[in-house]
Amino acid sequence: MVTRFCPSPTGNPHVGMARTALFSWAYARHHGGRFVFRIEDTDASRDTQESYDLLVDVMRWLGLDWDEGVEVGGPNGPYRQSERADVYADVVQRLIDAGFAYKAYDTAEELEERRNAARAEGRPSGYDGLHRDLTPEQQAAFEAEGRAPVIRFKMPAKDWTFTDLVRGEITFGAENVQDFVIVRANGQPLYTLTNPTDDALMGITHVLRGEDLLSSTPRQIALYEAFAEIGVGGGFTPEFGHLPFVMGSGNAKLSKRDPESNLLDYRPKGFLPEGLLNYMALLGWSIADDRDVFTIPEMVEAFEIGDVNGNPARFDLKKCEAINGDHIRLLSEPELVERLVPYFVDAGLFAPEGPTVDQRALLEATAPLVHTRMALLTEAVEMLRFLFVDDADFVVDPEDAAKQLDAGGLDVVRAARQALQELHASAAEWSTAGIEGALRAALVDGLGLKPRLAFGPVRVAVTGSRVSPPLFESIELLGHARTVARLDAALAGAGG
Ligand code: GLU
């Protein structure tokens, strides 16, 4: 089995694309087959090198490794269609020589006129085959007029039936598939030719792709049948599976313009590749009725294309985040620390070359405190920032300060400061339990406050936010001097 992913490098990689890549990859891996990554960059006006680089990066980040293709090479290269012009020219010539394709000289106006006439008479409005059997003299006459021909493929007049791996049997009536253009008048080969040519030459056995390409399938099957006659590729037609549309938050197809569709946003937002992959797998597939969370090896073990549901799948960002949170919880502590480091670098809390020994030790001590409290890795950065930030840069969230550090709140802060000073002065250890005991005694017993009211102001003053790791652990890790300095700053800030 050989599957492939063959995007066109235009714009940013998007979710629909990655879902196609994931299913093709998982299908090959499940069956011990090969996975090819090819780039379909035959449209120089839209394709960009930047988009190509992003595609390669995103595939690497997701961990969808390919056995053959761009960057890694292989026996059937090159794997960028822009480097394969001679391959297509040769195939086209062989198709013409064997009578499967022909030059058509119709002008746009002529085509339009005949199309309108056909419509008016209720006949199919595709190409009517007028230039199918031109004599060499007729061709020469058109060329003398300065007309540049397109190359059309001669569709055999028959119905096209195939068994889609997702949708079952599908038939296109002969009247719906006319002779189609495979090479433009300017010599540029089109997707309808280059895609099956490469699939044939690269030995692709199973084509998985979006439902939007379903209507091109009969034409591609016809090409494979011609290829078998002229000896291009292995002489067989691959199986096709058309994956369901992905719908956005409205009732419309998720489009490149929808913000959740841009794959490049997921990594900076704090998604794990395995969390995103797990969620994308659910866009048309499930491992079991009552189970949403699975690892990628589990998916590979279970994935069968026949289990994909042909109905449109809805993309739900909230659910995607929740599943990411589940995958964060599945990480071991050391693994979590490794995954967090780049985010601390990006936030400017660690130097670009990585954490110091002390910073790493502090992250190792604090990561467990937030491990179960986030859906995105960036939330850990926000929750732990107060520990890693330079004291001079520490700021309290103004909204949280307004809510928690009013006059009553500051009375609590004052009492907490005193209790912590006394704890530090006593022989007692600066420990989570000691801190909790001292603060409970002073605030809950001493001031008679409910715990929520007692600890809220202290939390905001010390961590800068109402959302933080557990308070007493946080104070222990921050240390006595830094904690008291922050309580002082809160008191001074309010005093004017
Ligand atoms: N280059 C095509 C696309 O990006 C691939 C279509 C296919 O998988 O056959 O839509």
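Position 1 is the first residue of the sequence, and the numbers go up from there. Both counts, for ligands and for their atoms, begin at 1 and track the order of listing.
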What residues sit with at least one heavy atom under 4.0 Å from ligand 1?
->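 Arg4, Cys6, Pro7, Ser8, Glu40, Tyr191, Asn195, Arg209, Leu213.
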Partner of Leu111 under side-chain contact (heavy atoms from CB on, under 4.5 Å), chosen from Arg114, Glu113, Glu109 |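 The side-chain contact (heavy atoms from CB on, under 4.5 Å) with Leu111 is passed solely by Arg114 among Arg114, Glu113, Glu109.
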Return all side-chain donor-acceptor pairs below 3.5 angstrom for residues 53-66, not counting sequence neighbours, or 'none' if the list is empty.
{"unit_1": "Asp53", "atom_1": "OD1", "unit_2": "Gln49", "atom_2": "NE2", "d": "3.1"}
{"unit_1": "Asp65", "atom_1": "OD1", "unit_2": "Trp25", "atom_2": "NE1", "d": "2.7"}
{"unit_1": "Trp66", "atom_1": "NE1", "unit_2": "Val70", "atom_2": "O", "d": "2.8"}

Using the test ring pair (Phe, Tyr, Trp, His ring centres under 6.0 Å), find all partners of Trp285 that sit at least two apart in sequence or belong to another chain.
->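 Ring pair (Phe, Tyr, Trp, His ring centres under 6.0 Å) check on Trp285 returns Phe294, Phe303.
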Between Tyr279 and Asp326, a side-chain donor and acceptor under 3.5 Å |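 Note: Tyr279 and Asp326 side chains miss the donor-acceptor criterion.
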Relative to the ring of Tyr27, is the ring of His31 parallel (under 30°), tilted (30 to 60°) or perpendicular (over 60°)?
->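 Perpendicular.
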Pairs touching residues 181-204 that satisfy ring pair (Phe, Tyr, Trp, His ring centres under 6.0 Å), sequence neighbours left out |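 Checked against ring pair (Phe, Tyr, Trp, His ring centres under 6.0 Å) - neighbours excluded - no pair reaches residues 181-204.
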